[in-house]
There are 2 protein chains.
Amino acid sequence: MTRTTYHHGDLHRVLIDAALELIAERGPNAVSLRDLARAAGVSHAAPAHHFGDKAGLFTAIATQGQLLLADRLAADLADGRDLRRLGASYVRFAADHPSHFEVMYRPDLYHQDDPDLAAARTRAGDLLRSAIPGDGRVADRRMLAAWSIAHGFATLRRTGNLDRLLAGSDPDTEFAEMAGLLDLTP
Amino acid sequence: MTRTTYHHGDLHRVLIDAALELIAERGPNAVSLRDLARAAGVSHAAPAHHFGDKAGLFTAIATQGQLLLADRLAADLADGRDLRRLGASYVRFAADHPSHFEVMYRPDLYHQDDPDLAAARTRAGDLLRSAIPGDGRVADRRMLAAWSIAHGFATLRRTGNLDRLLAGSDPDTEFAEMAGLLDLTP
DNA sequence: CCCGCTAACTTGTCGGTGACAAGATGAGTT
DNA sequence: AACTCATCTTGTCACCGACAAGTTAGCGGG
């Protein structure tokens with residue numbers, strides 16, 4: 001990756017994409033700004049200019065992840081509000097965007113008070129909530145159950161804890177059948 | 001922490017305890033072997049002697065965590081095998097030992113092929129499995145559901161995602177009621 | 001008693017990293 | 001053509017993990 005121009009032109013995106021790839025392969029710990037800079041063919045300090053600091057990079061990734069998740073939930077909701085299908089969608093999101101998912105749920109990595117991130121998080125959260133039947137405490141409990149089971153499944157799978165349990169079966173259908181054990185009728 | 005003797009005598013334990021405290025406060029990323037050494041009043045290379053490398057420290061913590069969890073599950077099982085109570089116990093473990101829990105489910109931090117860790121993990125897993133009613137695929141699905149919902153709840157809580165949802169209510173009873181939505185009757 | 005063995009710990013050093021400061025470049029505007 | 005400012009570079013600092021080589025002391029055998 002050699003450059004003829006002084007300005008890269010698309011560094012922001014390139015850095016994030018390189019980071020996502022690295023995270024998927026070897027986790028967020030393996031990410032160094034200097035590695036990203038080398039991969040992009042820029043100087044070692046260029047990444048910090050775009051993101052302020054390393055946590056800024058992860059903040060950008062977490063925000064992007066929340067928006068991607070929100071988009072997906074919104075698409076699902078357009079087809080009718082079925083909480084269980086939303087859960088399956090959540091699980092598929094974690095599998096399709098492992099790096100985003102990983103960063104999103106590691107608050108120690110990013111700037112928790114970032115306003116853009118807060119807005120993105122709210123958007124995704126509100127969409128999820130809008131799919132819950134019932135109201136008040138009962139609705140809260142249903143949301144809690146659905147979110148917990150989907151998040152737990154996605155997380156345990158990502159960390160390799162379900163390899164033996166899921167051996168030889170399709171994770172998506174397995175999740176669907178498992179989620180069927182949840183009583184969510186109003 | 002100044003020492004008069006050359007040998008510390010209890011360094012291994014002291015280092016782990018200091019690490020646990022730091023992880024609880026600021027996450028595993030904030031842990032540096034050199035910080036731990038300073039806190040314990042030993043030279044900067046002493047920690048590496050005990051654990052081989054940084055991942056070795058986290059491996060020790062993950063192993064200790066699996067054993068602690070297994071102990072707790074075993075105590076519960078002695079009182080009768082109720083899967084839902086085991087789930088509540090799992091959630092309480094995550095709250096009581098946040099640092100252990102954190103490390104246990106971050107495979108990128110430790111040596112995944114460590115035999116001691118594998119043994120400890122097997123012990124905890126077998127205990128959990130022994131509480132599942134039914135057999136074969138049905139039992140697998142029940143185990144998956146119970147583990148997922150408990151793990152998801154514990155994880156989301158730890159990352160602060162349930163703060164608003166749980167505001168003003170006791171997390172343990174809230175989990176119990178939520179887990180009641182799971183149909184686990186054989 | 002002391003000799004030797006070995007685990008526990010120290011000292012010194014290396015390459016790599018994040019953060020910061022100060023400077024160079026050039027695209028866009030007027 | 002001059003200005004402006006985001007983009008990117010160069011240089012530097014303290015800190016970190018890993019490694020190599022040396023020092024200390026607990027301990028069992030003679």
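Numbered from 1 within each chain, the chains take letters A, B, ... in sequence-line order. Bear in mind the structure is a predicted one, so any value in this text is a computation, not a measurement.
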Between [options], which nucleotide gets closest to the side-chain atoms of [X]?
| X | options | answer |
| --- | --- | --- |
| B:Ala46 | D:dC16, D:dT10, C:dC9 | C:dC9 |
| B:Ala45 | C:dT10, C:dA19, C:dA8 | C:dT10 |
| A:Arg34 | D:dA6, C:dT11, C:dT17 | C:dT17 |
| A:His44 | D:dA18, C:dT10, D:dG11 | D:dG11 |

Notebook entry, point to check: How long is the gap from CG on B:Leu83 to CG on B:Leu128, to the nearest 0.5 Å?
Noted result: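 If I round to the nearest 0.5 Å, the distance is 7.0 Å.
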
Note to self: Salt bridge check, B:Arg129 against B:Asp126: does any charged N sit closer than 4.0 Å to a carboxylate O?
What the structure shows: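 No, this pair does not count.
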
Margin query: Under a 4.0 Å threshold between the charged nitrogen and the carboxylate oxygen, would A:Asp183 count as salt-bridged to A:Arg142?
Written below: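 No salt bridge links A:Arg142 with A:Asp183.
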
Using a cut-off of strictly less than 4.0 Å, decide whether [X] has a side-chain nitrogen or oxygen near OP1 or OP2 of [N].
| X | N | answer |
| --- | --- | --- |
| A:His49 | D:dC8 | no |
| B:Ser32 | D:dC16 | yes |
| A:Arg38 | C:dG16 | no |

Could you give the [atom1]-to-[atom2] distance, from [X] to [N], as a whole number of Å?
| X | N | atom1 | atom2 | value |
| --- | --- | --- | --- | --- |
| A:Leu36 | C:dA19 | CG | C1' | 16 Å |
| A:Asn29 | C:dT17 | CG | C1' | 13 Å |
| A:His111 | C:dA19 | NE2 | C1' | 12 Å |
| B:Leu33 | C:dG16 | CG | C1' | 16 Å |

Parallel, tilted or perpendicular: rings of [Y] and [X] (30°, 60°):
| X | Y | value |
| --- | --- | --- |
| B:His100 | B:His97 | perpendicular |
| A:Phe51 | A:His12 | tilted |
| B:Phe153 | B:Phe175 | tilted |
| B:Phe101 | B:His151 | tilted |

Note to self: For DNA chain D, which residues of residues 51-63 of chain A approach it to below 4.0 angstrom with any heavy atom?
What the structure shows: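 DNA chain D contact set from residues 51-63 of chain A: none.
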
